[in-house]
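Below is one structure; the comments refer to it alone.
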Amino acid sequence: AVVSTQSTGSVKVEEPSVKDKGKSGKKSKEEETPLIGFIEYYRYATALDGLLIATGVLFAIFKGFSWPAIMIIFGEMIDSMGTNAKNDTSSVSDQMLKFTIWYIAVGVFQIVAGYIASAFLNISAERQTARVRKAYFRAM
C-alpha cells in the first residue's frame with residue numbers, strides 16, 4: 001500500500017493491484033483513491049474513547065512538564081549549596097533533605113502520570129480496534 005500525505009492534512013491510501021495497472025504501471029485518472037481526513041480515523045471512537053484520549057494526552061503533557069520542574073529544583077539545589085556553604089553542615093543537610101523530598105515527589109508524579117497516559121491511550125486504542133474488527137467481520 002502507498003500512503004501519501006496531502007497539503008490539506010488528508011491522507012491518501014492506494015492499494016496496488018495488477019488489474020488496475022496499465023502498460024505504464026500507473027492507475028488511470030478515473031480510478032483515483034478517495035482521500036481520508038484526519039478526523040475520519042476516529043470514526044469508530046465513542047465519547048468514552050474521546051474522553052480517554054483527551055485524559056491520556058493531558059497526563060502525557062503533565063508528565064512532560066515535570067522535566068522543567070526537575071531542572072528548576074536542581075538549580076535551586078545548586079544555589080542553596082553555594083549560599084549555605086559558609087554555614088554549618090546541618091543547614092546544608094536540611095536543605096538537601098528538602099530537595100530530596102521534592103525529587104521523590106516529582107519522580108512519583110512522573111510514574112503515575114506516565115502510567116495513566118499510557119493506560120488510557122492503550123485502552124482507547126484497544127476499544128476502537130475491537131470495533132473495527134467487528135465491522136470488518138460483519139462486512140465479510
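Remember, predicted model here, so these are calculated numbers, not experimental data.
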Checklist line | Distance (rounded to the nearest 0.5 Å) between Trp102 CH2 and Ile70 CD1 | finding: 12.5 Å
Next item on the list: Kindly work out whether a path of hydrophobic side-chain contacts (I/L/V/M/F/W/Y, heavy atoms less than 4.5 Å apart) joins Tyr136 to Tyr44.
Entry: no
Note to self: Is the shortest side-chain heavy-atom distance between Ile101 and Met96 below 4.5 Å?
What the structure shows: no
Check: Nearest 0.5 Å, what's the CD1-CG distance between Ile116 and Leu52?
Finding: 12.0 Å
Check: Are Phe65 and Ile111 grouped together when hydrophobic residues (ILVMFWY) are joined by side-chain heavy atoms under 4.5 angstrom apart?
Finding: no
Check: Has the side chain of Ser118 got a donor or acceptor atom that lies under 3.5 Å from a matching backbone atom of Tyr115?
Finding: no
Notebook entry, point to check: What is the minimum heavy-atom distance between Ala113 and Lys63, and which atoms define it?
Noted result: CB-CB, 4.1 Å
Next item on the list: Name all residues meeting the ring pair (Phe, Tyr, Trp, His ring centres under 6.0 Å) criterion together with Phe59; count only those two or more places apart in sequence or in a different chain, and write none if there are none.
Entry: Phe62
Next item on the list: Please answer: with hydrophobic residues joined when any side-chain heavy atoms are less than 4.5 Å apart, are Phe120 and Val112 in the same cluster?
Entry: yes
Next item on the list: Examine Phe74 and Leu97 and state if one hydrophobic cluster contains both, with Ile, Leu, Val, Met, Phe, Trp and Tyr joined whenever side-chain heavy atoms are less than 4.5 Å apart.
Entry: no
Checklist line | Validation row: Arg127, Thr46 side chains within 4.5 angstrom (heavy atoms) | finding: yes
Checklist line | 4.5 Å side-chain heavy-atom contact, Trp67 and Gln110 | finding: yes
Notebook entry, point to check: To the nearest 0.5 Å, how far apart are CZ in Phe99 and CD1 in Ile104?
Noted result: 14.0 Å
Check: Do Val132 and Ile53 share a hydrophobic cluster (ILVMFWY, side-chain heavy atoms under 4.5 Å, transitive)?
Finding: no
Notebook entry, point to check: Can you tell me how far NZ of Lys98 sits from OG of Ser93, rounded to the nearest 0.5 angstrom?
Noted result: 13.0 Å
Next item on the list: Check Ala60 against Ala117 and note the closest heavy-atom contact, atom names and distance.
Entry: N-CB, 3.7 Å
Margin query: Can you tell me how far apart CG (Leu51) and CG (Leu58) are? Round to the nearest 0.5 Å.
Written below: 10.5 Å
Next item on the list: Would you check if there is a donor-acceptor pair between the side chains of Glu76 and Ser80 at a distance under 3.5 Å?
Entry: no
Note to self: Would you compute the distance between atom CE of Met77 and atom CD1 of Ile73 and round it to the nearest 0.5 angstrom?
What the structure shows: 9.5 Å
